[in-house]
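Below is one structure, written out as structure tokens; the observations come after it.
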Amino acid sequence: MSEVDGVVFGAGGGVGFECVQHMLSKGQRVRAVVRSPQKYADKFPKDPKLTIAQGDVTNLESVREVIKGAKGVIFAASGTTFWSAASVDFQGAKNVADAATQEQRVVLVSSALVSPKNRLNPIRIILNNFRWSLMDNKFKGECALRDSGKSFTVVRPGHLVNEPSGQHRLITGQGDGKLPGAVSRADVAAVCVAAITATAADKITFELGADKSQGAAQGPIADIFSGLKQGVYQ
């Protein structure tokens, strides 16, 4: 595998696709991983810095192969069938954590309200039943990554919307105690891409939302990690 700045799992999904787009806009080399490249042949832009690769997060050897030569890895995959959360959101995340080298940072896109302490929250209950134990398995995937000893960042966005990035001031939280505001997939992508290389993003877990009452007057995107603490996740 050739060297790339980042590998994106779940590149055909909403956040994953935005991650690919954002990396390309920054002139970075990206490997977009999907189960069926033929299915997405017309979705991705034609760019010499983009490679579309076949891969399966539920297969550890497949994961090891597609992350070779990557500086960082973004896991934006999520199960699409009712019973798939255990194999994708948990085991898939664990496979990426196990396969990553000590030099590769893994950025995991999870969800706000994922912590078990929120198990009686109505929104979590709905999401947990939308796909069988979706939130439970997302949390297990987080834990597998945190316990792996690898460099990581866990991003827990609030309600995802389709809007251009940079429209509103981004807000962060830790401890999964309060549901953050809705946030665009493009903004989540920008944060994930920045997390690959930001020193302050190492080994942190945080919630991400947007304050729609404020404009987008904020500094460099990497500043969002300032003040966030390691070891705080529930």
Side-chain angles (χ1 to χ4, degrees), residues 6 8-9 15 18-19 22 71-76 78 89-90 93-94 96-98 100-121 123-124 127 135-160 165-166 168-214 216-234:
V8 180
F9 287 98
V15 173
E18 292 290 347
C19 288
H22 190 75
K71 294 180 180 178
V73 181
I74 297 175
F75 186 92
S78 187
D89 296 78
F90 165 42
K94 184 177 186 302
V96 172
D98 290 343
T101 68
Q102 293 293 339
E103 292 74 31
Q104 293 171 321
R105 180 169 299 166
V106 179
V107 182
L108 173 66
V109 181
S110 184
S111 173
L113 300 179
V114 73
S115 301
K117 72 177 185 180
N118 293 313
R119 63 185 178 276
L120 298 181
N121 184 289
I123 296 175
R124 190 185 193 279
L127 293 173
M135 300 294 269
D136 296 337
N137 281 293
K138 281 187 177 295
F139 185 74
K140 289 169 68 176
E142 285 189 9
C143 290
L145 179 56
R146 281 189 288 265
D147 293 343
S148 69
K150 309 294 175 61
S151 178
F152 73 85
T153 307
V154 175
V155 184
R156 294 169 165 173
H159 176 61
L160 293 167
S165 63
H168 307 288
R169 180 179 293 275
L170 298 179
I171 54 176
T172 60
Q174 287 190 285
D176 210 12
K178 182 180 179 181
L179 183 66
V183 61
S184 77
R185 290 175 173 85
D187 278 328
V188 175
V191 170
C192 288
V193 172
I196 291 177
T197 56
T199 302
D202 188 28
K203 292 183 171 57
I204 60 169
T205 300
F206 65 100
E207 292 78 59
L208 178 68
D211 185 350
K212 294 198 172 186
S213 68
Q214 299 187 47
Q218 61 186 43
I221 195 72
D223 289 352
I224 201 168
F225 308 119
S226 177
L228 297 176
K229 298 179 180 180
Q230 296 181 353
V232 180
Y233 59 91
Q234 66 174 333

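FYI, the numbering just counts along the sequence from 1.
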> Would S78 and K138 satisfy side-chain contact (heavy atoms from CB on, under 4.5 Å), going step by step from the backbone distance to the final call?
Replying inline: CA-CA 9 Å; S78 187; K138 281 187 177 295; 3.6 Å; yes

Considering only heavy atoms from C-beta outward, does the side chain of [X] approach that of [Y] to under 4.5 Å?
X: L170; Y: I221; value: yes
X: Q104; Y: K71; value: no
X: F152; Y: K203; value: yes

Closest approach of [X] and [Y], non-hydrogen atoms and distance?
X: K150; Y: T101; result: CD-O, 4.0 Å
X: C19; Y: A189; result: N-CB, 3.4 Å
X: V232; Y: G175; result: CG1-N, 3.9 Å
X: P157; Y: V188; result: CB-CG2, 3.8 Å

>> Run the side-chain contact (heavy atoms from CB on, under 4.5 Å) test against A200 and tell me which residues pass, sequence neighbours left out.
In response: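 Per chain and number, A200 pairs via side-chain contact (heavy atoms from CB on, under 4.5 Å) with F225.
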
>> If the condition is side-chain contact (heavy atoms from CB on, under 4.5 Å), which residues does D211 pass it with, not counting sequence neighbours?
In response: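 In terms of side-chain contact (heavy atoms from CB on, under 4.5 Å), with neighbours along the sequence ignored, D211 is linked to I171, S213, Q214.
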
> If you draw a 6.0 Å radius around NZ in K117, do more than 12 non-hydrogen atoms from other residues or ligands fall strictly inside?
Replying inline: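 Yes, because the 6.0 Å sphere around NZ of K117 holds more than 12 heavy atoms from other groups.
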
Say you draw a straight line from [atom1] of [X] to [atom2] of [Y]; how long is it, rounded to the nearest 0.5 Å?
X: N137; Y: C143; atom1: CG; atom2: SG; answer: 11.0 Å
X: M135; Y: K140; atom1: CE; atom2: NZ; answer: 15.0 Å
X: F206; Y: I224; atom1: CZ; atom2: CD1; answer: 6.0 Å

Is there a donor-acceptor pair closer than 3.5 Å between any side-chain N or O of [X] and the backbone N or O of [Y]?
X: Q174; Y: T205; answer: yes
X: R105; Y: T153; answer: no
X: Q230; Y: I204; answer: no

>> Taking side chain to side chain donor-acceptor pair (under 3.5 Å) as the definition, give me every residue that meets it alongside D187, ordered by chain and number, with sequence neighbours left out.
In response: S184

> Can R156 be said to sit on top of F139's aromatic six-ring, NZ or CZ under 6.0 Å from centre and within 45° of the ring axis?
Replying inline: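 Not satisfied by the 6.0 Å and 45° rule.
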
Side-chain donor-acceptor pairs under 3.5 Å in residues 108-116, sequence neighbours left out?
{"from": "S110", "atom 1": "OG", "to": "E142", "atom 2": "OE2", "distance (Å)": "2.7"}
{"from": "S115", "atom 1": "OG", "to": "D176", "atom 2": "OD2", "distance (Å)": "2.8"}
{"from": "S115", "atom 1": "OG", "to": "Y233", "atom 2": "O", "distance (Å)": "3.4"}

> Among all residues two or more places apart in sequence or in another chain, which pass the salt bridge (charged side-chain N to carboxylate O under 4.0 Å, His left out) test with K94?
Replying inline: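 K94: salt bridge (charged side-chain N to carboxylate O under 4.0 Å, His left out) contacts with D98.
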
> By salt bridge (charged side-chain N to carboxylate O under 4.0 Å, His left out), which residues pair with K212, not counting sequence neighbours?
Replying inline: E163

> After noting the C-alpha distance and the side-chain angles of V191 and V183, does the key distance pass the side-chain contact (heavy atoms from CB on, under 4.5 Å) rule?
Replying inline: CA-CA 11 Å; V191 170; V183 61; over 6 Å; no

